[in-house]
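Notes follow once the structure below has been shown.
Indexing begins at 1, ligand by ligand and atom by atom, following the structure's order.
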Amino acid sequence: MVIEANKITNLTRIIDWEQGQLLHVEDSLVGLPEVQDAPEGWYADLGTGGGFPGIPLAICTGRRTLLVDSVGKKTKALDSIITELGIADHVSTYTGRAEELALEHPGEFSLVTARALSSLPSLLELAAPLLKCGGRLVCYKARPKEDEIKGAVSLEKKLGMKLVSQREALLSDDETQRVIIVFKKVKMQKIKLPRRVGMAQRHPLA
Ligand code: SAH
C-alpha cells in the first residue's frame, strides 16, 4: 500500500518490494521488545512519514496509536492505509508538529518512537513533554556517534529523562545495522517545554 501511495504522495525513497520488507517492515519490528516493555497506554510515532515504525508496531501491539507528521499529504495517505488495513479502531493520525501535539496532550503518552527524525538530543526534547512518568522513548538509530549519545545523556536531568538501554541488531540481510536506544521519563522536566516550534531540531539544547 505504501509503494502504491508513494506513486502519488512522496512517502519514502524505498520503492522496491524487497527493500520495503527489510528496511520498513522488518526494521520497524526490531524495537518490538523495547516497545513491549513500555507501560500500557497511548503511543505516538513522531515524524512517521510512511507510517514507520508506527504502523507495524501498532498492528503487533494493538496499542492505541497516533501517527504524527507535520506534512498533511503524508497523514492523508496514511488515513487511507489505516482504513484499508482495518486498524482504524486503534490507530489514527495527527497532522502537526510534535511540539504542537505536546501543547495539546502534555504528559499523556506511555510510549513515543522515532526513526530518522532527528538527533538524540532533539528527540529527547521533543518526547519529554509528551511522556507521562514511567513512559518510554524508543529511538531507532543507524550508527549513533558517541558524542550524540553523550549529548542526550547530558540533558537527562533537565528533561527528566534517563537512558535505560541500548541494543544493537543486524537485519536479515546481515548488513543493515540498527541501534535501539531507550530513554525513560523519570520526572517532570525542569524547563518549560515545548520550546518554540523548530527550536528542538534547529538549536538542540546539547
Ligand atoms: N519515520 C519515517 C519517516 C522519517 S522522515 C521513516 O523512518 O521512514 C522524517 C519525517 O518527520 C518527515 O515525514 C517529516 O515531515 C516529519 N517531521 C519532521 N519534523 C517533525 C516534527 N517536529 N513534528 C512532526 N513531524 C516532523
Checking a contact table here: which protein heavy atom is nearest atom 25 (N) of ligand 1, and how many Å away?
Ser70 N, 3.4 Å
Under 3.5 Å between some N or O of ligand 1 and some N or O of Ala98?
yes
Assigning hydrophobic clusters by single linkage (Ile, Leu, Val, Met, Phe, Trp, Tyr; side-chain heavy-atom cutoff under 4.5 Å), is Leu205 placed with Leu120?
yes
Counting only heavy atoms closer than 4.0 Å, does ligand 1 sit against the backbone of Leu46, its side chain, both, or neither?
neither
Among all protein heavy atoms in this structure, tell me which lies nearest to atom 5 (S) of ligand 1, with the distance rounded to 0.1 Å.
Ala116 O, 3.6 Å
Name the residue from Val138, Leu123, Thr48, Leu46 that meets the side-chain contact (heavy atoms from CB on, under 4.5 Å) definition with Thr113.
Val138
Starting from atom 17 (N) of ligand 1, locate the nearest protein heavy atom and write down its residue, its atom name and how far away it is, to 0.1 Å.
Leu117 CD1, 3.6 Å
Exercise: identify the closest heavy-atom pair between Gln201 and Pro204
O-CD, 3.9 Å
To the nearest 0.5 angstrom, please state how far the CG atom of Leu193 sits from the CE atom of Met188.
8.0 Å
Heavy atom of the protein closest to atom 8 (O) of ligand 1 (residue, atom name, distance)
Arg115 NH2, 3.0 Å
With nothing but distance in play, are any N or O atoms of Phe52 less than 3.5 Å from an N or O of ligand 1?
yes
Min N/O separation Gln201 to ligand 1 under 3.5 Å
yes
Out of curiosity, Ile87 CD1 to Ile55 CD1, how far, rounded to the nearest 0.5 Å?
5.0 Å
Give the atoms of ligand 1, by number and element, whose distance to some non-hydrogen atom of Val71 is under 4.0 Å.
15 (O)
Under 4.0 Å from a heavy atom of Glu99: which atoms of ligand 1 are those, numbered in the order shown and with their elements?
22 (N)
Any atoms of ligand 1 less than 4.0 Å from a non-hydrogen atom of Arg97? List them with their elements.
22 (N), 23 (N), 24 (C)
Hey, which atoms in ligand 1 end up nearer than 4.0 Å to a heavy atom of Gly96?
24 (C)
Which residue supplies the protein heavy atom nearest to atom 3 (C) of ligand 1, what is that atom called, and how far is it?
Gly47 O, 3.4 Å
Atom 13 (O) of ligand 1: nearest protein contact (heavy atom, Å):
Asp69 OD2, 2.7 Å
Any side-chain donor paired with an acceptor under 3.5 Å for Ser165 and Glu34?
no
Side-chain touch Thr61/Leu32, heavy atoms, less than 4.5 angstrom
yes
Would you name the heavy atoms of Ser70 and Thr95 that are closest together and state the gap between them?
O-CG2, 4.2 Å
Taking Leu159 as the starting point, is it possible to reach Ile149 by hopping between hydrophobic residues whose side chains are less than 4.5 Å apart?
yes
Quick one: does Ile180's side chain get under 4.5 Å of Tyr140's, heavy atoms only?
yes
Just jot down the ligand 1 atoms closer than 4.0 angstrom to any heavy atom of Lys74, in number order.
12 (C), 13 (O)
Is there a heavy atom in Pro53 that sits closer than 4.0 Å to ligand 1?
no
